[in-house]
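This report refers to the structure that appears directly beneath it.
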Amino acid sequence: LLRAFAIVRDRIPGVTLQIHGPESDPAYARGCYALAEQLGLGASCVFRGPTADVGQALNEGDIAVLSSISEGFPFAAVEALMAGRPMVATEVGGVPEVIMPPYGRLVPPGRPLELADGICEMASDRNGLARLGELGRKAMLESFTLDVFLDGYRWLYDEVRTRAAVH
């Protein structure tokens, strides 16, 4: 993400990156701080640390980015889309189940240039970001709410019960 952001910053003057989340691995965090300094990101890149108010953190930005090299189910992506933030993310794990065009862009992991291209492509229609965010939110409400999951489980249990009664 930091390498991609260095490219984005060169293409979009005045853009900023805010990174939220705990430092679960102090050595990795030190490496990220050093890389940000090496890339000359300065004040355009802010490591905000953990937050108790994810909604507020998401509302501070225009586009959410998930640059994982590995991911199970991307709860962070669902949160961002529920907050109405379009996304650019790496195509790993369960991410493609959540992030789809037009409200999302998927790129291969470990490719900063392609991640930067995805971010810049999405940012190029600044006036359309709110519309994309609403499309993403709508998709999440249709697929990833508690009621949707409960309905799916009820259907599955009914299906198993019906099959068991037939045999």
Side-chain angles (χ1 to χ4, degrees), residues 1-22 32-33 35-36 39-152:
L1 176 59
L2 295 173
R3 293 181 197 290
F5 179 67
I7 297 165
V8 170
R9 191 190 59 177
D10 288 343
R11 294 180 186 174
I12 305 173
V15 69
T16 61
L17 172 65
Q18 295 186 37
I19 300 174
H20 292 270
C32 289
Y33 300 144
L35 180 58
L39 294 170
L41 300 181
S44 66
C45 175
V46 180
F47 292 87
R48 302 288 299 260
T51 181
D53 191 343
V54 174
Q56 178 183 342
L58 288 166
N59 285 323
E60 292 173 0
D62 296 315
I63 298 170
V65 180
L66 184 66
S67 60
S68 304
I69 58 169
S70 173
E71 193 76 40
F73 183 81
F75 289 102
V78 173
E79 287 178 322
L81 291 165
M82 287 290 268
R85 294 296 165 258
M87 292 210 64
V88 178
T90 48
E91 191 172 7
V92 295
V95 174
E97 295 174 43
V98 174
I99 299 174
M100 298 173 199
Y103 56 82
R105 305 283 186 283
L106 293 173
V107 300
R111 301 222 181 125
L113 179 57
E114 291 180 48
L115 185 60
D117 289 344
I119 294 167
C120 290
E121 176 189 334
M122 186 164 279
S124 69
D125 182 13
R126 186 150 174 82
N127 295 328
L129 291 177
R131 181 185 57 77
L132 293 177
E134 281 305 310
L135 291 172
R137 179 172 167 71
K138 182 179 181 228
M140 295 306 99
L141 289 171
E142 291 172 356
S143 301
F144 296 108
T145 63
L146 180 58
D147 286 339
V148 169
F149 280 105
L150 291 175
D151 288 346

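- Between Val65 and Met87, every side-chain heavy-atom pair lies at or beyond the 4.5 Å cut-off.
- Summarising the geometry of Val92 relative to Ser68, their closest heavy-atom pair is CG2-O, 3.8 Å, with the distance given to 0.1 Å.
- Using a 4.5 Å heavy-atom threshold, the side chains of Cys45 and Thr16 count as separate.
- Pairs of residues two or more places apart, or lying in two chains, that qualify as side-chain hydrogen bond (donor to acceptor under 3.5 Å, both in side chains) and include a residue from residues 74-90 are Asn59-Arg85.
- Scored by the ring pair (Phe, Tyr, Trp, His ring centres under 6.0 Å) test, Phe73 finds Phe75, Phe144 as partners (sequence neighbours excluded).
- Counting heavy atoms from C-beta outward, Phe5 and Ser44 have side chains that approach closer than 4.5 Å.
- Note: Leu81 CG to Leu135 CG = 10.5 Å, rounded to the nearest 0.5 Å.
- At a threshold of 4.0 Å, the pair Arg111-Asp117 does not count as salt-bridged, since none of the basic side-chain nitrogens sits closer than that to a carboxylate oxygen.
- Pairing each heavy atom of Arg9 with each of Gly40, the nearest pair is NH1-O, 2.6 Å.
- Annotation: Leu150, atom CG; neighbour count of heavy atoms from other residues, nucleotides and ligands within 6.0 Å is above 12.
- Here the closest non-hydrogen pair linking Ile12 and Ala123 is CD1-CB, 3.9 Å.
- The salt bridge (charged side-chain N to carboxylate O under 4.0 Å, His left out) analysis of residues 52-78, with sequence neighbours excluded, yields the pairs Arg48-Glu60, Asp62-Arg126.
- Every residue two or more places apart in sequence or in another chain was checked for a salt bridge (Lys or Arg N to Asp or Glu O under 4.0 Å) with Arg3, and none qualifies.
- Between Gly104 and Ile99 the shortest heavy-atom distance is CA-CG2, 3.5 Å.
- Contact annotation: the side chain of Leu106 approaches that of Pro96 to within less than 4.5 Å [non-hydrogen atoms, C-beta and beyond].
- At least one side-chain heavy atom of Ile19 sits under 4.5 Å from a side-chain heavy atom of Leu2.
- How far NE2 of His20 is from CD of Gln56: 8.5 Å, rounded to the nearest 0.5 Å.
- Of the inter-residue distances, the one linking Leu35 atom CG with Leu41 atom CG reads 7.5 Å to the nearest 0.5 angstrom.
- Within the structure, the salt bridge (charged side-chain N to carboxylate O under 4.0 Å, His left out) test picks out the following pairs touching residues 88-106 (sequence neighbours left out): Arg105-Glu121.
- When side chains are defined from C-beta on, Leu17 does not count as touching Val46, because their heavy atoms never get closer than 4.5 Å.
- Considering CD of Glu114 and CD1 of Ile119, their distance stands at 12.0 Å, rounded to 0.5 Å.
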Quiz item: Taking it one step at a time, do Ile7 and Leu113 satisfy side-chain contact (heavy atoms from CB on, under 4.5 Å)?
Solution: CA-CA 7 Å; Ile7 297 165; Leu113 179 57; 4.1 Å; yes

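- Among all heavy-atom pairs drawn from Tyr103 and Ala139, the shortest one is OH-CB, 3.5 Å.
- For the pair Glu134 and Lys138, the salt-bridge criterion is not met [side-chain N within less than 4.0 Å of a carboxylate O].
- The two residues Leu115 and Ala4 make their nearest non-hydrogen contact at CD2-CB, 3.7 Å.
- Listed by chain and number, the residues in a salt bridge (Lys or Arg N to Asp or Glu O under 4.0 Å) with Asp151 are Arg154 (sequence neighbours excluded).
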